[in-house]
Amino acid sequence: MHNELAALTDRINGLLARMERRDYPSRARLEDTLTDGYAYALSLDAECERIERRLAEHAAELTEESGEEHTRQISTLAQLLGRRRDELDSLRGLLAILRAGVQEPRVA
């Protein structure tokens, strides 16, 4: 999943760099990239929701007897959730910039 995000981010950054140089890509290419980006953002959002549910389940089961392993699992899930939220926020930021570029009249 991380490789897909890296490839998508590279694609978006490449399009943004072209637009900055006034080498405007086709509207179809921009819209395809936006569609792919929004789809990926939805999958990240769904993953965050799944992680949140798992965290809630582990937290509900946490007792003094559940031990360090249970606590470690909660910590691991919390860290993963934080990373996925950061990725989602970053992707949404790039998509907003790209969307603004698509709305410019210069895009072919």
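Values in this document were obtained by computation on a predicted structure and should not be read as measured data. Numbering starts at 1 and runs along the sequence shown.
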Starting at [atom1] of [X], measure out to [atom2] of [Y] and round the result to the nearest 0.5 Å.
{"X": "L34", "Y": "R27", "atom1": "CG", "atom2": "CZ", "value": "10.0 Å"}
{"X": "R83", "Y": "C48", "atom1": "CZ", "atom2": "SG", "value": "11.0 Å"}
{"X": "L81", "Y": "L88", "atom1": "CG", "atom2": "CG", "value": "10.5 Å"}
{"X": "S75", "Y": "L80", "atom1": "OG", "atom2": "CG", "value": "11.0 Å"}
{"X": "L44", "Y": "R92", "atom1": "CG", "atom2": "CZ", "value": "8.5 Å"}
{"X": "Y40", "Y": "I12", "atom1": "OH", "atom2": "CD1", "value": "11.0 Å"}

Q.
Taking salt bridge (charged side-chain N to carboxylate O under 4.0 Å, His left out) as the definition, give me every residue that meets it alongside R72, ordered by chain and number, with sequence neighbours left out.
A.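 Expected list: E68, E69.
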
Report yes if the side chains of [X] and [Y] come closer than 4.5 Å at any heavy-atom pair, otherwise no.
{"X": "Q73", "Y": "T76", "result": "no"}
{"X": "R18", "Y": "N13", "result": "no"}
{"X": "L94", "Y": "L16", "result": "yes"}
{"X": "L98", "Y": "M19", "result": "yes"}
{"X": "D36", "Y": "R11", "result": "yes"}

Q: Starting from the C-alpha separation in whole Å, work towards a yes-or-no answer on side chain to side chain donor-acceptor pair (under 3.5 Å) for R29 and Y24.
A: CA-CA 10 Å; R29 178 150 181 176; Y24 296 99; over 6 Å; no

N/O donor-acceptor pairs under 3.5 Å from side chains in residues 50-59, not counting sequence neighbours:
unit_1	atom_1	unit_2	atom_2	d
E52	OE2	R85	NH2	2.2

Q | Minimal non-hydrogen separation, L8 against G37, with atom names | A |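 For L8 versus G37, the nearest heavy atoms are CD2-CA, 3.6 Å.
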
Q. Which atom pair, heavy atoms only, marks the closest approach of L15 to P25?
A.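 Where L15 meets P25 most closely, the heavy atoms are CD2-CG, 3.6 Å.
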
Q) Do L95 and L42 share a hydrophobic cluster (ILVMFWY, side-chain heavy atoms under 4.5 Å, transitive)? A)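 Shared cluster, no.
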
Q.
Closer than 3.5 angstrom, by distance alone: can the side chain of T9 be matched with the main-chain N or O of L5 as a donor-acceptor pair?
A.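 Yes, because the side chain of T9 sits within donor-acceptor range (under 3.5 Å) of the backbone of L5.
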
